[in-house]
**Q** 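Sharing a structure below in structure tokens format, with a few things to ask.
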Amino acid sequence: MSNQHLDTWIQSVAAHLQPDTIHICDGSVAERDALEQQMLQTGTLLTLDPGRHPRSFLHRSDPSDVARTEHLTFICSEKKEDAGPTNNWISPAEARTRVWPVFAGAMKGRTMYVVPYLMGPVGSSYSKVGIEITDSPYVVANMRIMTRMGKVALDHLGTSSDFVKGVHSLGDLSPERRYICHFPETRTIWSIGSGYGGNALLGKKCHALRLASVQGRDEGWMAEHMLILGITTPTGEKHYIAGAFPSACGKTNLALLVPTLPGYKIETVGDDICWMHVGEDGRLWAINPEAGMFGVAPNTSLKTNPNAMKALANDVIYTNVALRKDGSVWWEGMNGLADGEEMLDWRGQPWKKGVSTEKAAHPNSRFTVDIRQAPSASDRIDDPRGVPISAILFGGRRAKLTPLVYEARSWEHAVYVGATMVSETTAAATGAVGVPRNDPMAMLPFCGYNMADYWAHWLAMGEKLSRPPKVFHVNWFRTGDDGKFLWPGYGDNIRVLKWMVERIAGGGKANETPLGHVPTQDALDFGGLDIPAARQQQLLAVDPAAWSEEVARTGEFLDKFGDRLPAPIRAQHEALKGRIKAR
Ligand code: OXD
Ligand code: MN
């Protein structure tokens, strides 16, 4: 079926970028195989040992291009206020004069791939089509795993003009000429100068979060940086939970959790992005718009995330991991290296265990794999209706201050809790690691419009929910005075989920604190864990003095939004101050 809107747009982009040839991707296995062969010949992909890693490849990116570059990422709304104080902004007119010329002739001597992709299950009224034009076969191969790509997307689109238009070129890969521009009003993305996942796989952060968050606001739904998991209790009670955590804070680990408590079962629906709609039953219903995982490799091991390791059995694209002499991949946290073992680091340089001081794998090295390969994959991943959400988690990485878990007091309070999330930075973006920064709903780098309006949208969504989910805040990363983690995390996080499910059912003992409801020490299942009572107490403690400093900092953050800050957020802030003072 031909689509006039699509054809016209492709021609206009081609006229400017001047590729040698144009290839419209159909998503077939034959197409994938041919592309892989070509990338092996050019060195874009390297082979791995076929016995250990069937049909899997290694890609090494340019060393200056290994993470999202937030300072080169722009929201190009007509009005600056619509991008808000947390986004970089340039006007569409400026983008046209400053950025579009960088694309001129960028595909000379290259093939222009046209990648139609569907975000969301086939046949779902919630799913959306995007078309990514790119000159990177690595991007095509990743998009084929991360989305439902090719004919299936064109079939969904039909003759409609309703698709996100993404133009991506590697350009010369120079950070000097790198731009990732989003035009929410025309649902367009321009990305040049980077081949890195979050900058170049336009379906993911650019479309499914930055543009979709705006579209969701306009159409009354939500695009969130959240995992989706299903939990079944020993008595057969089943719930779905969505969770927002900043990048590289363990979303994939939680989504694929193997419970340490007997009788519990966890299913994975999504590990990074979640689109939620109000169902006829007054609940929130969620789909995972993606089809794959672009997971952080370091610290993924049989111990920390056995389901991820099993998902990686075959058909994986690894990016910037280390390569052992036997043709297998390695990253920090995987163990199993003999002292003195030599291999190649993520740049392809010789590396020796016990001698080399640099990391062998880049801290933001990744695996790309079909999420349905995880043993925990839910049979609802492809359900066009999505899944009903019983609880939402907000989580940050805080060494101090924030208790393991607390429950918000109301929807308005929940929106405040999400809006005031703080987390210590990670390697997923360039810049210093370990610095606390406000990251509302884990959307700081991904909200395509003014955060204050985004909170107003959250508040408005709450009004439409007759059966809103319960909302919790979690922090797996609190440390004791010795600097060691107080909580074992990983599979033991099931103990926190257990308490949440009890709360959903109307049970689960809790203390009322200024922050919200914190489980009593005996309400949390510490059974079989070697955590002394004093450390359990520290894990759940709320220190009013420290919180009054935190609240002052939060106040400064909220002030950035001026008059646009929704009144209920300000009111929640004042109420929290009052509760802390009363202690
Ligand atoms: C990701 C990120 O890649 O959040 O998911 O950076
Ligand atoms: Mn993410």
Side-chain angles (χ1 to χ4, degrees), residues 1-36 38 96 100 103-170 181-192 200-204 206-208 211-212 215 218-219 275 287 289-292 382 384:
M1 188 192 319
S2 104
N3 180 315
Q4 206 46 56
H5 309 281
L6 184 55
D7 294 346
T8 309
W9 176 65
I10 293 171
Q11 288 316 321
S12 72
V13 174
H16 187 59
L17 277 72
Q18 299 175 29
D20 278 13
T21 46
I22 299 180
H23 175 102
I24 314 271
C25 297
D26 61 14
S28 65
V29 169
E31 176 183 82
R32 178 199 69 184
D33 290 348
L35 263 179
E36 280 170 3
Q38 179 201 322
R96 274 192 295 275
W100 195 232
F103 282 89
M107 291 193 186
K108 271 188 193 155
R110 302 181 187 173
T111 298
M112 177 171 124
Y113 299 97
V114 178
V115 184
Y117 62 88
L118 183 64
M119 298 311 290
V122 176
S124 173
S125 57
Y126 303 145
S127 296
K128 302 278 180 202
V129 173
I131 311 286
E132 172 165 0
I133 287 179
T134 180
D135 52 13
S136 161
Y138 165 81
V139 165
V140 178
N142 276 273
M143 286 292 284
R144 188 177 184 279
I145 299 175
M146 293 306 298
T147 69
R148 286 120 176 136
M149 189 271 258
K151 183 175 177 306
V152 69
L154 291 178
D155 289 348
H156 190 100
L157 182 64
T159 55
S160 163
S161 61
D162 184 11
F163 59 93
V164 164
K165 300 178 178 69
V167 184
H168 169 255
S169 171
L170 295 171
C181 293
H182 306 72
F183 303 83
E185 282 112 354
T186 54
R187 310 222 197 285
T188 298
I189 307 157
W190 296 346
S191 168
I192 188 158
L201 310 179
L202 300 187
K204 193 173 183 57
C206 302
H207 177 167
L211 291 188
Q215 191 167 7
D218 295 345
E219 296 174 0
W275 287 356
I287 59 163
E290 301 191 284
D382 290 309

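Computed from heavy atoms alone, side chains included, the values below leave out hydrogens, waters and symmetry copies.
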**Q** Quick check against the 3.5 Å criterion: does Glu31 have a side-chain atom that pairs as donor or acceptor with the backbone of Gly27?
**A**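 Judged by distance alone, yes, a pair lies under 3.5 Å.
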**Q** Do the side chain of Thr134 and the main chain of Glu132 share a donor and acceptor less than 3.5 angstrom apart?
**A**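 No; zero donor-acceptor contacts below 3.5 Å.
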**Q** Is there a donor-acceptor pair under 3.5 Å between the side chain of Thr147 and the backbone N or O of Met119?
**A**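 Checked: no pair found.
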**Q** Does the side chain of Ile131 reach to within under 4.5 Å of the side chain of Lys165, using non-hydrogen atoms?
**A** no
**Q** Between Trp190 and Phe183, is there a donor-acceptor pair closer than 3.5 Å when you use the side chain of the first and the backbone of the second?
**A**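 The answer is no, because no donor-acceptor pair under 3.5 Å joins these two groups.
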**Q** Work out which heavy atom in Gly123 is nearest to a heavy atom in His156; give both atom names and the distance.
**A**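 Closest approach of Gly123 to His156, heavy atoms only: N-ND1, 4.4 Å.
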**Q** Who are the side-chain contact (heavy atoms from CB on, under 4.5 Å) partners of Ala200, not counting sequence neighbours?
**A** Val139, His168
**Q** Within the side chain of His207, is there an N or O that forms a donor-acceptor pair under 3.5 Å with the backbone of Lys128?
**A**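 Checked: no pair found.
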**Q** May I ask you to decide if Pro19's main-chain N or O and Arg110's side chain share a donor-acceptor pair within less than 3.5 Å?
**A** no
**Q** side-chain contact (heavy atoms from CB on, under 4.5 Å) with Gln18: which residues, sequence neighbours excluded?
**A**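 Partners of Gln18 by the side-chain contact (heavy atoms from CB on, under 4.5 Å) criterion, ordered by chain and then number, come out as Lys108.
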**Q** Asn3 side chain to Gly158 main-chain N or O, any donor-acceptor pair under 3.5 Å?
**A** yes
**Q** Would you say the side-chain atoms of Asp162 pair up with the backbone N or O of Leu157, donor to acceptor, closer than 3.5 Å?
**A**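 Not a single qualifying donor-acceptor pair exists.
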**Q** Is the backbone of Val122 close enough, under 3.5 Å, to the side chain of Asp382 for a donor and an acceptor to pair up by distance?
**A**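 Looks like no, no N/O pair under 3.5 Å.
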